[in-house]
Amino acid sequence: MTFGEKIKHLRQLNSWTMNDFIQRFNDENQTKVSRGRLSMWENDLNDPSFRVVQSIARMFNISVDYFGDDAKSLSKYRKDDSGANELMSIYSDLVPRRKKSLLEYARTQHNEQQK
């Protein structure tokens with residue numbers, strides 16, 4: 001599925017019209033999205049910023065990874081850890097040097113847990 005197909009699919013799974021999506025998105029975010037903008041996203045004519053993707057993922061309670069992967073099933077992307085969104089938000093605000101440090105720390109933690 002393309003990025004646009006995924007947004008449309010999520011919207012339709014929740015029985016939301018484009019106007020429903022826009023209303024919910026605008027109510028939850030400081031960024032305002034128009035019907036035209038949503039249409040451009042759904043038709044793969046334009047991609048939203050990463051922050052907007054994060055907001056969309058939060059609206060549907062899924063991981064942002066869903067939009068990056070070539071996945072058709074939502075089941076493995078459903079969120080059960082609210083800390084992941086916070087971590088992604090923090091990561092996106094870091095300068096490159098600190099992003100690298102955070103990734104190294106996360107890898108170390110992951111590797112230790114795998115032992």
Side-chain angles (χ1 to χ4, degrees):
M1 271 188 204
T2 67
F3 181 83
E5 289 169 336
K6 289 177 183 181
I7 292 175
K8 187 173 186 176
H9 178 71
L10 288 167
R11 183 173 58 74
Q12 292 173 337
L13 277 176
N14 287 276
S15 301
W16 294 355
T17 66
M18 291 180 88
N19 288 336
D20 292 333
F21 175 95
I22 292 163
Q23 182 68 45
R24 289 173 188 263
F25 184 87
N26 290 344
D27 285 350
E28 294 180 19
N29 299 281
Q30 293 182 8
T31 303
K32 298 292 183 191
V33 66
S34 67
R35 185 179 173 93
R37 177 70 60 181
L38 177 57
S39 178
M40 289 175 67
W41 295 341
E42 288 188 357
N43 290 295
D44 294 307
L45 299 175
N46 193 319
D47 290 331
S49 69
F50 183 69
R51 284 189 184 258
V52 171
V53 173
Q54 288 176 310
S55 296
I56 293 169
R58 273 192 303 274
M59 280 177 47
F60 291 110
N61 196 35
I62 59 169
S63 164
V64 294
D65 295 337
Y66 174 69
F67 295 108
D69 288 348
D70 187 29
K72 296 191 186 330
S73 170
L74 276 172
S75 60
K76 78 175 192 174
Y77 299 98
R78 293 280 181 203
K79 297 298 285 171
D80 60 351
D81 181 3
S82 62
N85 282 336
E86 181 181 6
L87 183 59
M88 288 303 298
S89 179
I90 291 169
Y91 178 83
S92 68
D93 288 337
L94 295 174
V95 296
R97 175 178 58 84
R98 293 185 184 269
K99 284 180 180 180
K100 182 178 177 182
S101 294
L102 180 58
L103 284 172
E104 288 171 1
Y105 177 76
R107 283 187 193 108
T108 300
Q109 292 298 310
H110 184 257
N111 291 338
E112 288 178 10
Q113 179 175 302
Q114 299 302 315
K115 293 179 181 178

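Because the structure is predicted, anything quoted here is derived from the model rather than measured. In what follows, residues are counted from 1 in the order of the sequence shown.
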Given Leu38 and Phe25, is the side-chain contact (heavy atoms from CB on, under 4.5 Å) satisfied, shown in steps?
CA-CA 10 Å; Leu38 177 57; Phe25 184 87; over 6 Å; no
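- Note: Asn26 CG to Phe21 CZ = 9.0 Å, rounded to the nearest 0.5 Å.
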Before giving the answer on side-chain contact (heavy atoms from CB on, under 4.5 Å), spell out for Phe60 and Lys6 the whole-Å C-alpha distance, their side-chain angles and the decisive distance to 0.1 Å.
CA-CA 11 Å; Phe60 291 110; Lys6 289 177 183 181; over 6 Å; no
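- Shown here is Lys99, whose NZ atom has more than 12 heavy atoms of other residues, nucleotides or ligands within 6.0 Å.
- Ile90 contributes atom CD1, which lies 13.0 Å from atom CZ of Arg98 (distance to the nearest 0.5 angstrom).
- Expressed to the nearest 0.5 Å, how far CE of Met59 lies from CG of Asn14 amounts to 8.5 Å.
- A donor-acceptor contact closer than 3.5 angstrom links the side chains of Arg58 and Ser55.
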Please assess Trp16 against Leu10 for the test side-chain contact (heavy atoms from CB on, under 4.5 Å), listing each intermediate value before the final yes or no.
CA-CA 9 Å; Trp16 294 355; Leu10 288 167; over 6 Å; no
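- The line from CE of Met40 to CG of Asn46 is 4.0 Å long, rounded to the nearest 0.5 Å.
- Checked by atom type and distance alone, the side chain of Glu5 pairs as donor or acceptor with a backbone atom of Thr2 at under 3.5 Å.
- Atom CD1 in Ile7 sits 12.0 Å away from atom CD in Gln12 (nearest 0.5 Å).
- Residue pairs meeting the salt bridge (Lys or Arg N to Asp or Glu O under 4.0 Å) criterion with at least one partner in residues 20-47, sequence neighbours excluded, are Arg11-Glu42.
- In this structure, OG1 in Thr17 is found 8.0 Å from CD1 in Ile22, a value given to the nearest 0.5 Å.
- In this structure, Met1 and Tyr66 have side chains that are in contact, with non-hydrogen atoms separated by less than 4.5 Å.
- Smallest separation of non-hydrogen atoms from Ser63 and Ala57: C-CB, 4.2 Å.
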